[in-house]
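Notes to accompany the following structure.
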2 protein chains.
Amino acid sequence: MKLTSKGRYAVMALVDLARFDTINPVSLRDISLRQGISLDYLEQIFSKLKRNQIVKSTRGNQGGYVLSKKPNEIKLTNILSAVDEKVKTVQCKKESKKGCNGKATKCVTHNLWDELETHINTFFEKKSLQDLLKNKSERVN
Amino acid sequence: MKLTSKGRYAVMALVDLARFDTINPVSLRDISLRQGISLDYLEQIFSKLKRNQIVKSTRGNQGGYVLSKKPNEIKLTNILSAVDEKVKTVQCKKESKKGCNGKATKCVTHNLWDELETHINTFFEKKSLQDLLKNKSERVN
DNA sequence: TCTAAACTTGACCATTTTAGTCAGGTATGT
DNA sequence: ACATACCTGACTAAAATGGTCAAGTTTAGA
Ligand code: FES
Ligand code: FES
């Protein structure tokens, strides 16, 4: 089980954005440089964030992105689901009448994974961008 | 973020094992049939479980596997880490002096992922095989 | 003793996912 | 007009996943 870079980058970029968008829109180029993320990749990610109304864009010279809500209104759930980083723990489709083994009964671990899914989602629903703004970049060690 | 089949299968197989190993060792063939998991793949998985002292094997005719501890002593953490299903949320190596961005400071999301890691591990440490034995296979719907 | 059941090991592989790159746009402030 | 920055889609190398296959070794029981 792991978290992919796409979700990680999305959160990093948004934290960066939240810190710098107070006056002007922030260009992806700046975020790319500050956070060390490929510009082209960032564009893909922001295209999704925009489709999900997490950011707004201004085109042209001096353009860039701005958060479309306040940091405390943007939950991690929103960010991660926007970039298709879904927490998928059960294997079966929940609506389906079949378990992940193709049989009519749920597999022996179904309930376990379902519980875990809830556990993780709860975490992501509680955390907002605001919470991440507090801890400024700390030294390693 | 997702959980891979290897970890899922490992848990399924061990639950099956725990239910049937009361008298004789259980053969992988039986588990394979009951749980619908490829026999060859199960062998790979059990080889790891054995290396990590979660199961013991008996060779030869009528041989098979047995749990090496009681179900309540086997935590999910043990199972998952045995099959290399690690919960890895931070990108950087924790011991390293560098953050995941190659700089000397931790990235802005480091603390977040670290918290999440703890959150998930806590879940896996609380759950034991014993807990899974309770819920017998339930009907879907 | 012979044999079949069962574990053991390691190599191999097809498919999918990931983490991007690249090449072309389009919009707009100055 | 032109530089800056967003926008879109196609493409791809590399890694991970989810296995299969082949060739054993070990041991119970007939
Ligand atoms: S995870 Fe739902 S039936 Fe196996
Ligand atoms: S996750 Fe540790 S520095 Fe980014």
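In the text below, chain A, chain B and the rest are named by the order of the sequence lines, each starting its count at 1.
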- Would you mind checking if B:E117 and B:K88 are paired as a salt bridge, meaning a charged N to carboxylate O distance below 4.0 Å?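 Salt bridge flag = no for B:E117 with B:K88.
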- Task: Give B:S47 one of three labels, base, sugar-phosphate or nothing, depending on what nucleic acid heavy atoms sit under 4.0 Å from its own.
- Result: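 Here B:S47 touches no strand at all.
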- Query: Looking for any heavy atom pair under 4.0 Å, which part of the strands does A:Y9 touch: base, sugar-phosphate only, or nothing?
  - Reply: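 It contacts sugar-phosphate atoms only.
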Could you tell me the separation between the [atom1] atom of [X] and the [atom2] atom of [N], rounded to a whole number of Å?
X     : N      : atom1 : atom2 : answer
A:F46 : C:dA19 : CZ    : C1'   : 17 Å
A:E43 : C:dA27 : CD    : C1'   : 14 Å
A:K56 : D:dC7  : NZ    : C1'   : 19 Å
A:L3  : C:dT17 : CG    : P     : 17 Å
A:K48 : C:dT18 : NZ    : C1'   : 12 Å
A:L49 : D:dC7  : CG    : P     : 11 Å
A:K6  : C:dT16 : NZ    : P     : 17 Å
A:D84 : C:dT16 : CG    : P     : 18 Å

- Message: Main chain of A:K75, side chain of A:N78: is a donor-acceptor contact present, judged purely on distance under 3.5 Å?
- Response: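 At least one qualifying donor-acceptor pair exists.
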- Does B:T89 reach the main-chain N or O of B:L116 with its side chain, forming a donor-acceptor pair under 3.5 Å?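 No, because the side chain of B:T89 does not come within donor-acceptor range (under 3.5 Å) of the backbone of B:L116.
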- Task: Start with the C-alpha gap between A:K106 and A:C92, add the side-chain angles, then the distance that decides, and say whether side-chain contact (heavy atoms from CB on, under 4.5 Å) holds.
- Result: CA-CA 9 Å; A:K106 286 188 233 160; A:C92 60; 6.0 Å; no
- Message: Is it the case that C:dT8 (base atoms only) and B:Q44 (side chain only) share a donor and an acceptor within less than 3.5 Å, ignoring hydrogens and angles?
- Response: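 By the distance-only test, no, there is no pair.
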- Query: Do you see a donor-acceptor pair shorter than 3.5 Å between the side chains of A:S57 and A:K50?
  - Reply: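 Yes, a side-chain donor-acceptor pair sits under 3.5 Å.
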- Message: Could you check whether A:E73 and A:S128, counting side-chain N and O atoms only, form a donor-acceptor pair closer than 3.5 Å?
- Response: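 Their side chains do not contain a donor-acceptor pair, so the 3.5 Å distance test is not met.
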- Query: Between B:K50 and C:dT8, is there a side-chain N or O to OP1/OP2 distance below 4.0 Å?
  - Reply: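 The answer is yes; a side-chain N or O of B:K50 sits under 4.0 Å from OP1 or OP2.
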- Task: Look at B:T4 and D:dT17 and indicate whether a side-chain polar atom (N or O) is within less than 4.0 Å of OP1 or OP2.
- Result: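 Result: no.
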- Looking at C:dT8, D:dA10, D:dT20, which one has an atom nearest to any side-chain atom of B:S57?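 Nearest listed nucleotide: C:dT8.
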- Task: Classify the angle between the aromatic ring planes of B:W113 and A:F124 as parallel (below 30°), tilted (30 to 60°) or perpendicular (above 60°).
- Result: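 Ring orientation of B:W113 relative to A:F124: perpendicular.
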- Query: Which parts of residues 26-41 of chain A get close to DNA chain C, meaning a heavy atom less than 4.0 angstrom away?
  - Reply: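 Residues of residues 26-41 of chain A under 4.0 Å from DNA chain C: A:S38, A:D40, A:Y41.
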Could you list all N or O pairs between the protein and nucleotides 26-30 of chain D that sit under 3.5 Å apart?
residue: D:dT26; atom: O4'; partner: B:R59; partner atom: NE; Å: 3.2
residue: D:dT26; atom: O4'; partner: B:R59; partner atom: NH2; Å: 3.3

- Message: Is it the case that over 12 heavy atoms from other parts of the model lie below 6.0 angstrom from the NZ atom of A:K69?
- Response: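 Counting neighbours around NZ of A:K69, more than 12 heavy atoms of other residues, nucleotides or ligands fall under 6.0 Å, so yes.
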Using a 3.5 Å cut-off and no angle test, enumerate the donor-acceptor pairs between side-chain atoms of residues 29-44 of chain A and protein atoms at least two apart in sequence or in another chain.
residue: A:S32; atom: OG; partner: A:I37; partner atom: O; Å: 2.7
residue: A:R34; atom: NE; partner: A:D16; partner atom: OD1; Å: 3.2
residue: A:R34; atom: NE; partner: A:D16; partner atom: OD2; Å: 2.9
residue: A:R34; atom: NH2; partner: A:D16; partner atom: OD1; Å: 2.8
residue: A:Q35; atom: NE2; partner: A:D16; partner atom: OD2; Å: 2.7
residue: A:S38; atom: OG; partner: A:D40; partner atom: N; Å: 3.4
residue: A:S38; atom: OG; partner: A:Y41; partner atom: N; Å: 3.1

